[in-house]
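This report concerns only the one structure given below.
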Amino acid sequence: MKQEMKRHPNPSSVSRRSLCALTAFAALIGSSAFAQTYPTRPVTMVVGAAAGGTTDIAGRMLADPLGKALGQSVIVDNKSGASGVIAAVQVKRAEPDGQTLLMQYSGYHVISPHVVKQKQWAPEDLRAVANVLSAPQVVVVRADVPVKNMAELIAYAKAHPGKLTFASSGPGSLQHVTGAMLEQQAGIRITHIPYKGTGPALQDLLGGQVDMTFGTPPPFMPFIQSGKLRAIAVTGKTRVASLPGVPTAAEVGLPNLDATSWFAVFAPAKTPQPVIDRLNAEISKIVATPAFQQKAAELGAMADYMNAKQLDEFSKAEFVRWGKVVEAAKIEAE
């Protein structure tokens with residue numbers, strides 16, 4: 001019998017495997033070391049909305065304590081307009097080093113990509129970091145609009161088709177889609193007036209240029225409490241603790257008018273995992289503090305932490321859900 005020859009590994013293949021292993025190990029050590037020194041300078045928190053809206057409020061609520069935790073200032077940079085596109089593109093194009101983050105509004109993340117014609121960014125261009133706040137929307141009218149509850153609003157809108165105007169933070173925004181849902185479910189017609197963010201929309205609502213709007217409670221609370229605005233329904237499944245007398249849409253006969261906003265931190269897609277982990281560790285502690293939770297409750301929102309994996313899965317599911325709503329309502333960017 002022929003003696004079986006022992007096979008020896010190809011030297012070149014061994015060296016290639018060794019080189020790959022060494023490269024991967026070096027990258028791991030490098031990214032870990034980078035995370036330990038991160039951040040090396042002030043962090044920019046881009047906000048895709050004007051000052052005064054809930055997205056801006058969420059960014060500012062997080063910026064100061066996060067800056068203290070990271071040892072560097074976190075600077076809020078408002079880049080409103082284009083249904084969140086301007087802010088998302090800025091973060092998409094930023095270096096994936098954790099120095100540029102996005103405080104993202106759910107409507108911009110899961111609705112705008114379905115309706116904006118110029119596809120300058122997609123959700124996969126951004127990497128989930130953590131969710132910090134969630135809030136149902138409230139249906140709000142000016143105090144001098146002759147309706148005191150949802151039944152009266154629907155009756156008035158049916159008697160005066162198209163006369164009632166509602167403001168949104170932009171074409172295809174969550175407010176816009178919620179208004180379309182109300183029209184469909186109540187069998188009414190109201191006129192959409194888009195703005196570049198909740199702040200400008202609120203200014204014109206208070207100034208008498210528009211009659212009503214939909215939105216998360218935080219920017220409206222001072223004006224609801226002063227009597228300048230009237231909240232007539234909550235679009236979530238439960239009442240808001242800070243607005244206990246305001247019924248849910250289901251309670252007033254509109255069970256499918258369910259729209260809850262969420263506000264989350266995202267980073268450029270290729271941001272290293274150790275940086276994501278560092279941000280998660282700090283954000284989770286901040287959101288769990290009594291001060292953050294109390295501030296959220298006072299504003300009519302909820303401190304609602306989700307880690308990067310949870311946020312990624314949730315935002316993908318929301319993208320599909322709202323895509324179906326947009327398609328059914330035939331909403332397009334104006």
task = Can you spot which of Arg278, Arg41, Lys270 makes a salt bridge (charged side-chain N to carboxylate O under 4.0 Å, His left out) with Asp97?
result = Arg41
request  = Take Leu101 and Phe266 through the side chain to side chain contact (heavy atoms under 4.5 Å, CB included) test and state the conclusion after the steps.
outcome  = CA-CA 6 Å; Leu101 304 172; Phe266 286 81; over 6 Å; no
message = How close do Ala157 and Ile190 get, counting heavy atoms only, and between which atoms?
response = CB-CG2, 4.3 Å
query = Under a 4.5 Å side-chain heavy-atom rule over Ile, Leu, Val, Met, Phe, Trp and Tyr, are Ile154 and Val246 clustered together?
reply = no
Ionic contact status for Arg321 with Glu318, cut-off 4.0 Å = yes
query = Is Lys316 salt-bridged to Glu313, cutoff N-O under 4.0 Å?
reply = no
task = Taking the six-membered ring for Trp and the single ring otherwise, decide whether the centroids of His114 and Phe319 are under 6.0 Å apart.
result = yes
key: Gln90 (side chain) donor-acceptor with Leu102 (main chain) under 3.5 angstrom   = no
request  = For side chain to side chain contact (heavy atoms under 4.5 Å, CB included), just list the numbers for Val265 and Leu62, CA-CA rounded to whole Å, side-chain angles, deciding distance to a tenth of an Å, and then say yes or no.
outcome  = CA-CA 10 Å; Val265 180; Leu62 183 64; 3.6 Å; yes
task = For Val275 and Gly98, work out which heavy atoms get closest and say how close.
result = CG1-CA, 3.9 Å
message = Tell me if a side-chain donor or acceptor on Ser134 pairs with a main-chain N or O of Trp262 at a distance below 3.5 Å.
response = no
query = Can you tell me how far the CE atom of Met181 sits from the OG1 atom of Thr178, to the nearest 0.5 Å?
reply = 6.0 Å
Verify same cluster id: Leu257, Ile111 (apolar side-chain graph, 4.5 Å) = yes
message = To the closest 0.5 Å, what do you measure between OG1 (Thr216) and CD1 (Ile57)?
response = 7.5 Å
Nearest atoms (heavy-atom pairs only) where Pro244 meets Arg239 = O-NH1, 2.8 Å
Contact summary for Ile75 and Pro42, nearest pair of heavy atoms = CD1-CB, 4.0 Å
inquiry  = Could you check whether Asp64 pairs with Arg60 (Lys NZ or Arg NE/NH1/NH2 to Asp/Glu carboxylate O, under 4.0 Å)?
reply    = no
task = State, with a plain yes or no, whether a side-chain heavy atom of Leu202 is found less than 4.5 Å away from one of Thr213.
result = no
task = Determine yes or no for a side-chain-to-main-chain donor-acceptor pair under 3.5 angstrom, with Thr235 supplying the side chain and Gln137 the backbone.
result = yes
task = To the nearest 0.5 Å, tell me how far Tyr108 OH sits from Ile86 CD1.
result = 9.5 Å
ask   = Are the side chain of Lys285 and the backbone of Asn280 linked by a donor-acceptor contact shorter than 3.5 Å?
value = no
ask   = Mind checking whether Leu164 and Val210 sit in one hydrophobic cluster, side chains of I, L, V, M, F, W, Y counted as touching below 4.5 Å?
value = no
task = Give a yes or no answer on whether the side chain of His109 reaches the backbone of Tyr105 with a donor-acceptor pair at less than 3.5 Å.
result = no
request  = Applying side-chain contact (heavy atoms from CB on, under 4.5 Å) between Val46 and each of Gln104, Lys79, Met103, report the one that passes.
outcome  = Lys79
key: Side chain to side chain, Val240 and Pro136, heavy atoms closer than 4.5 Å   = yes
key: Ser83 side-chain N/O to Ser112 backbone N/O, donor-acceptor pair under 3.5 Å   = no
task = Starting from the C-alpha separation in whole Å, work towards a yes-or-no answer on side chain to side chain contact (heavy atoms under 4.5 Å, CB included) for Leu126 and Trp121.
result = CA-CA 9 Å; Leu126 302 172; Trp121 77 281; 3.8 Å; yes
query = Considering only heavy atoms from C-beta outward, does the side chain of Ile232 approach that of Arg230 to under 4.5 Å?
reply = yes
key: Nearest heavy-atom neighbours spanning Ser226 and Phe223   = OG-O, 3.2 Å
request  = Say whether Asp211 and Thr165, considering side chains only, have a donor N or O and an acceptor N or O under 3.5 Å apart.
outcome  = yes
inquiry  = Would you say that more than 12 heavy atoms from the other residues, nucleotides or ligands in this model lie under 6.0 Å from the CD of Glu95, or not?
reply    = no
request  = Flag the pair Lys148 / Val141 as yes when at least one side-chain heavy-atom distance between them is below 4.5 Å, and no otherwise.
outcome  = no
query = Are side-chain heavy atoms of Thr100 and Val43 found at a separation under 4.5 Å?
reply = no
message = Has Asn131 got a side-chain atom pairing as donor or acceptor with Tyr305's backbone, closer than 3.5 angstrom?
response = no
task = Mind running side chain to side chain contact (heavy atoms under 4.5 Å, CB included) on Asp258 and Lys237 for me, showing each step along the way?
result = CA-CA 7 Å; Asp258 183 8; Lys237 295 183 182 301; 3.0 Å; yes
query = With side chains defined as the heavy atoms from C-beta onward, is the minimum distance between Leu243 and Ile224 less than 4.5 Å?
reply = yes
query = Between Asp56 and Gly52, is there a donor-acceptor pair closer than 3.5 Å when you use the side chain of the first and the backbone of the second?
reply = yes
inquiry  = Looking only at side-chain N and O atoms, does Thr248 offer a donor or acceptor that is under 3.5 Å from a partner on Glu251?
reply    = yes
ask   = Got a donor-acceptor contact below 3.5 angstrom from the Lys119 side chain to the Pro113 backbone?
value = yes
task = Could you please spell out the steps behind the side-chain hydrogen bond (donor to acceptor under 3.5 Å, both in side chains) verdict for Asp204 and Tyr195?
result = CA-CA 9 Å; Asp204 271 13; Tyr195 288 84; 2.7 Å; yes
task = Answer whether the closest heavy-atom distance between the side chains of Ile188 and Leu153 falls below 4.5 Å.
result = yes
message = So Val139 and Phe166, do their side chains get closer than 4.5 Å, heavy atoms only?
response = no
task = Compare every heavy atom of Ser261 with every heavy atom of Ser106, then report the nearest pair and how far apart it is.
result = OG-CA, 3.4 Å
inquiry  = Any side-chain to backbone donor/acceptor pair from Arg127 onto Pro268? Under 3.5 Å, distance only.
reply    = no
